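What follows is one structure encoded as C-alpha cells, with my remarks underneath.
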Amino acid sequence: MDSINIQLPHTIQRPSAAFSSGATTRTTQPLVTGTSVVAFKYKDGIIMAADCLASYGSLARFRNEKRLLAVGDSTLVGVSGDISDYQHMEHILDNLMTEEYYMDDGQKLGTKSIYKYISNIMYNRRSKVDPLWNSYVVAGIDNGEKVLGFVDLYGTTYQSATIATGFGGHLAQPILRKRVEGREDEITEEEAVKILDECMRVLFYRDARSLNKLRRAKVTAQGVEISEPYSLETNWDFAESIIGYGA
C-alpha cells in the first residue's frame, strides 16, 4: 500500500521564503550602535573613555554597555559603531588570546601585533564587501613604547598622540589639540582625567546619541585598568541663551 504524505499549510515553505534563506546577505547599515571613543597619550601611558550607551536608531536602548576591552596584559581596545560586530571581534580576539595562552612558548602578543591583526581583519572584511561596521582605537605599551592607533571599517589605519572617533572627531579633537598635543610627556594622570571628562561632557551636550554615564580606562607599564561606570556632572544653564531652547 502506497504511503500518503499530507502537508499541513503551516509546514509548506513558500518560494519566497526558500529563496531568502539561501540568499547571500550583507549588513547595509548598523542597528545598535555606540558613539565616540576618546583617547590620548599622557606622561605615564594612555588614557581612554567611552560612554555606556548603545542606541537602537534614535532610541537610547541599552545604558550599561562596555565598549572598552582589555586584550592581553598591555593592550586596550575601544570601539565605536555596531555592537554586534564588536561582539564578533571580541570573540575573535578572545580566541586569539586563548590560542596564545595554550602555545605556552614564553612569547606574548604586543600591542603592535594586535593592532595589525585587527586592521587585517577589517581590511579583509571590507575587501569581501561585508565590512564590520566599527571604528577601533587600539592603545598599549609595546616594549616601553606608547602605541595609540586607529582603524576603521575600510581597514584605514593611522597612529597619533590623540584620537577621537565618531562625533568626537569634530567636537573633542579640537580640545585635545589645544590641551594635549605637544604636551604628552608633561600631562599628569590627574590632568589627563580632567581633560578626558571635559571632552566627554562636551560630547554629551552636543551628541544626541551619547550619555553622561561612561567608563574610563588607562594602560601603563603596570597593565590595563578599566574603571566602573560613573556619571559626569552637567549644567544646562547655558541652554537658556539658545534661541528656540524649550520651545
Side-chain angles (χ1 to χ4, degrees), residues 16-17 19-21 23-39 48-71 76-95 118 121-126 128-139 150-156 163-173 196-197 199-217 226-234 236 239 242 244-247:
S16 59
F19 174 76
S20 63
S21 64
T24 299
T25 59
R26 296 286 186 267
T27 301
T28 56
Q29 66 179 20
L31 294 178
V32 179
T33 59
T35 185
S36 307
V37 175
V38 178
M48 185 184 300
D51 68 29
C52 299
L53 179 65
S55 301
Y56 180 61
S58 60
L59 175 66
R61 179 63 181 85
F62 305 101
R63 295 170 176 262
N64 196 33
E65 289 299 308
K66 185 177 181 181
R67 297 191 289 121
L68 302 177
L69 173 68
V71 182
L76 175 66
V77 176
V79 62
S80 295
D82 190 82
I83 297 299
S84 61
D85 284 351
Y86 162 59
Q87 291 170 339
H88 175 66
M89 178 66 79
E90 183 179 11
H91 181 68
I92 291 174
L93 293 175
D94 184 58
N95 286 341
I118 293 174
I121 291 174
M122 299 298 282
Y123 184 77
N124 175 261
R125 290 292 297 261
R126 170 256 189 184
K128 294 178 178 178
V129 200
D130 185 20
L132 297 176
W133 291 76
N134 298 116
S135 295
Y136 288 93
V137 180
V138 183
F150 168 88
V151 56
D152 66 8
L153 77 164
Y154 302 110
T156 305
I163 290 178
T165 68
F167 260 100
H170 305 283
L171 302 174
Q173 196 62 265
L196 197 62
D197 284 351
C199 291
M200 300 305 291
R201 187 176 290 108
V202 169
L203 286 169
F204 176 61
Y205 287 147
R206 303 299 298 274
D207 183 0
R209 303 293 172 265
S210 64
L211 191 66
N212 65 329
K213 179 183 177 183
L214 56 110
R215 282 184 173 87
R216 185 175 63 237
I226 301 176
S227 75
E228 291 300 315
Y230 68 97
S231 297
L232 294 174
E233 293 184 5
T234 57
W236 291 92
I242 299 176
Y245 175 76

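Note that this is a predicted model, so its numbers are computed, not measured.
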What donor-acceptor contacts under 3.5 angstrom involve side-chain atoms of residues 57-68, with partners at least two apart or in another chain?
residue, atom, partner, partner atom, Å
Asn64, OD1, Lys213, NZ, 3.3
Arg67, NE, Asp51, O, 3.4
Arg67, NH1, Thr35, O, 2.7
Arg67, NH1, Val79, O, 2.7
Arg67, NH2, Ser36, O, 3.3
Arg67, NH2, Asp51, O, 3.3
Arg67, NH2, Asp51, OD1, 2.9

Check side chain to side chain contact (heavy atoms under 4.5 Å, CB included) between [X] and all other residues, then give those that pass, not counting sequence neighbours.
X      : result
Phe150 : Ser135, Asp152, Tyr158, Ile163, Thr165
His170 : none
Ala172 : Val38, Ala164, Cys199, Leu203

Test of understanding: with side chain to side chain donor-acceptor pair (under 3.5 Å), list the residues that count as partners of [X], not counting sequence neighbours.
X      : result
Tyr230 : Asp197, Arg216
Asp82  : Ser84
Tyr136 : Asn134
Arg215 : none

### Task
Output all residues satisfying ring-ring contact (aromatic ring centres under 6.0 Å, His included) with Tyr205, sequence neighbours left out; order by chain, then residue number.
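Trp236, Phe238.
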### Validation row: Val138, Val71 side chains within 4.5 angstrom (heavy atoms)
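No, too far: nothing below the 4.5 Å cut-off.
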### Query
Considering residues at least two apart in sequence or located in another chain, which fulfil the salt bridge (Lys or Arg N to Asp or Glu O under 4.0 Å) criterion with Asp130?
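Result, salt bridge (Lys or Arg N to Asp or Glu O under 4.0 Å) vs Asp130: Arg125.
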### Query
Is there a donor-acceptor pair under 3.5 Å between the side chain of Arg201 and the backbone N or O of Thr234?
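Side chain of Arg201 to backbone of Thr234, a donor-acceptor pair under 3.5 Å: no, none is there.
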